[in-house]
Amino acid sequence: MSYAVASLAPCSRRPAAVSRSCSRSAVLSRSFWLGRGGVLVGCRGVHYAINAGMVARLLEAEDDEDITRVIEEYEEFAESWDPRFEFETDKAWDALHRCLSDGTLDLAGGSFPLSHVVLGGMQLYEGEDYVVALVRAEQVPEVAAALAPIDEAWLRRRYDTLEFSDYQGFRSDEDFEYTWANFRGLDVFFQTAAEAGRAVIFTVDQ
């Protein structure tokens, strides 16, 4: 299947500090990106491979404010940290989760392990203004193994054939190329995390 090419410009690199202006409902409805009124907004996705100490801090957090503080402190530290343990998907995380699950942005959509690449996993943030999804260290090798054989043709088939309910972006050849470009290397990231015995968190900020 081929789509008419539409304009979809990649985002600039996310800011170092986490912004909370994207609500969970906006993140998961896609309306944050290109609303029916044509207003361009956006939430950018970032994966981090984190050690056991960081996992413990997140799991011990008493509330969303604690989670926010832990993530922000970590991001400040990560600016000069090993780049192998950070992977950005910009806004392509939306289409990627759909392709790797069941075509929706349902947090429980699809099946493990591919459902856990982006939005699946343990939801650590309870509020509606942020998403932090944890893939435990013991799960990461399975996710890495499931990602390893995925190539552009496989992802394109998923992109073309799944319904993508409520997808308010432009489905197009250019959109797919953008999605694929932001997917490339994600398998290496998960494999590196697996070899290091690290967990992975996926976060969405604006």
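The first residue of the sequence shown is numbered 1, and numbering continues consecutively from there. Because the structure is predicted, anything quoted here is derived from the model rather than measured.
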(request) Identify whether the distance between the nearest side-chain nitrogen and carboxylate oxygen of Arg184 and Asp151 falls below 4.0 Å. (result) no
(message) I'd like to know whether the aromatic ring centres of Tyr48 and Phe85 sit less than 6.0 Å apart in this structure.
(response) no
(request) Would you mind checking if Arg69 and Asp66 are paired as a salt bridge, meaning a charged N to carboxylate O distance below 4.0 Å? (result) yes
(request) Ignoring hydrogens and angles, state whether a donor on the side chain of Asp90 or Tyr178 is under 3.5 Å from an acceptor on the partner side chain. (result) yes
(request) List the atom of Gly109, the atom of Asp102, and the distance in Å for their closest heavy-atom pair. (result) CA-OD2, 3.5 Å
(message) Do Tyr130 and Asp64 make a side-chain contact, defined as non-hydrogen atoms from C-beta onward lying under 4.5 Å apart?
(response) no
(request) Go through the steps to decide whether Leu147 and Val143 satisfy the test side-chain contact (heavy atoms from CB on, under 4.5 Å), and finish with yes or no. (result) CA-CA 6 Å; Leu147 282 172; Val143 176; 4.2 Å; yes
(request) Would you name the heavy atoms of Ala133 and Gly120 that are closest together and state the gap between them? (result) CB-O, 3.3 Å
(message) Would the distance check show the side chain of Arg84 and the main-chain N or O of Ala49 forming a donor-acceptor pair, the cut-off being under 3.5 Å?
(response) no
(message) Are the side chains of Phe202 and Val132 in contact, using a 4.5 Å heavy-atom criterion?
(response) no
(message) Measuring only between side-chain heavy atoms, which start at C-beta, is Gln123 closer than 4.5 Å to Leu107?
(response) yes
(request) Determine yes or no for a side-chain-to-main-chain donor-acceptor pair under 3.5 angstrom, with Glu195 supplying the side chain and Thr192 the backbone. (result) no
(message) I want to check something: taking the side chain as every heavy atom from C-beta on, are Thr104 and Asp166 in contact at a cut-off of under 4.5 Å?
(response) no
(message) Strictly distance-based, threshold 3.5 Å: is any side-chain N or O of Trp93 a donor or acceptor partner for the main-chain N or O of Asn182?
(response) no
(message) Does the Lys NZ or Arg CZ of Arg98 fall within the cation-pi geometry relative to Tyr167 - under 6.0 Å from the ring centre and within 45° of the axis?
(response) no
(request) Compute whether any side-chain donor of one residue and acceptor of the other, for Asp63 and Tyr125, lie under 3.5 angstrom apart. (result) no
(request) To the nearest 0.5 angstrom, please state how far the CZ atom of Arg158 sits from the CZ atom of Phe176. (result) 12.5 Å
(message) Could you tell me if Arg171 sits above the aromatic ring of Tyr159, with its cationic atom closer than 6.0 Å to the ring centre and no more than 45 degrees from the axis?
(response) yes
(message) Donor-acceptor pair, distance only, cut-off 3.5 Å: does the side chain of His47 make one with the backbone of Val117?
(response) yes
(request) May I ask you to decide if the ring planes of His116 and Phe112 are parallel, tilted or perpendicular, using 30° and 60° as cut-offs? (result) perpendicular
(message) How close do Ile150 and Leu114 get, counting heavy atoms only, and between which atoms?
(response) CD1-CD2, 3.9 Å
(request) To the nearest 0.5 angstrom, please state how far the CZ atom of Arg156 sits from the OG1 atom of Thr161. (result) 11.0 Å
(message) Using every non-hydrogen atom in the two residues, find where Ala194 and Ala144 come nearest and quote the distance to one decimal.
(response) CB-CB, 4.5 Å
(message) Would you say that Val46 contacts Val204 through its side chain, given a criterion of any heavy-atom pair below 4.5 Å between the two side chains?
(response) no
(message) Tell me the closest heavy-atom pair linking Thr179 and Ala92, and the distance in Å.
(response) CA-CB, 3.9 Å
(request) State, with a plain yes or no, whether a side-chain heavy atom of Ile201 is found less than 4.5 Å away from one of Leu58. (result) yes
(message) So which atom in Arg57 and which in Val70 form the shortest heavy-atom distance, rounded to 0.1 Å?
(response) NH2-CG2, 3.7 Å
(request) Measure the spacing between CG of Leu119 and OG of Ser101 and express it to the nearest 0.5 Å. (result) 8.0 Å
(request) Tell me, yes or no, whether the heavy-atom count around Glu138 atom CD, taken from other residues, nucleotides or ligands under 6.0 Å, exceeds 12. (result) yes
(message) Can you confirm whether Thr89 sits close enough to Leu96 that some side-chain heavy atom of one is under 4.5 Å from a side-chain heavy atom of the other?
(response) yes
(message) What I'd like to find out is whether the side chain of Glu177 reaches to under 4.5 Å of the side chain of Asp175, using heavy atoms alone.
(response) no
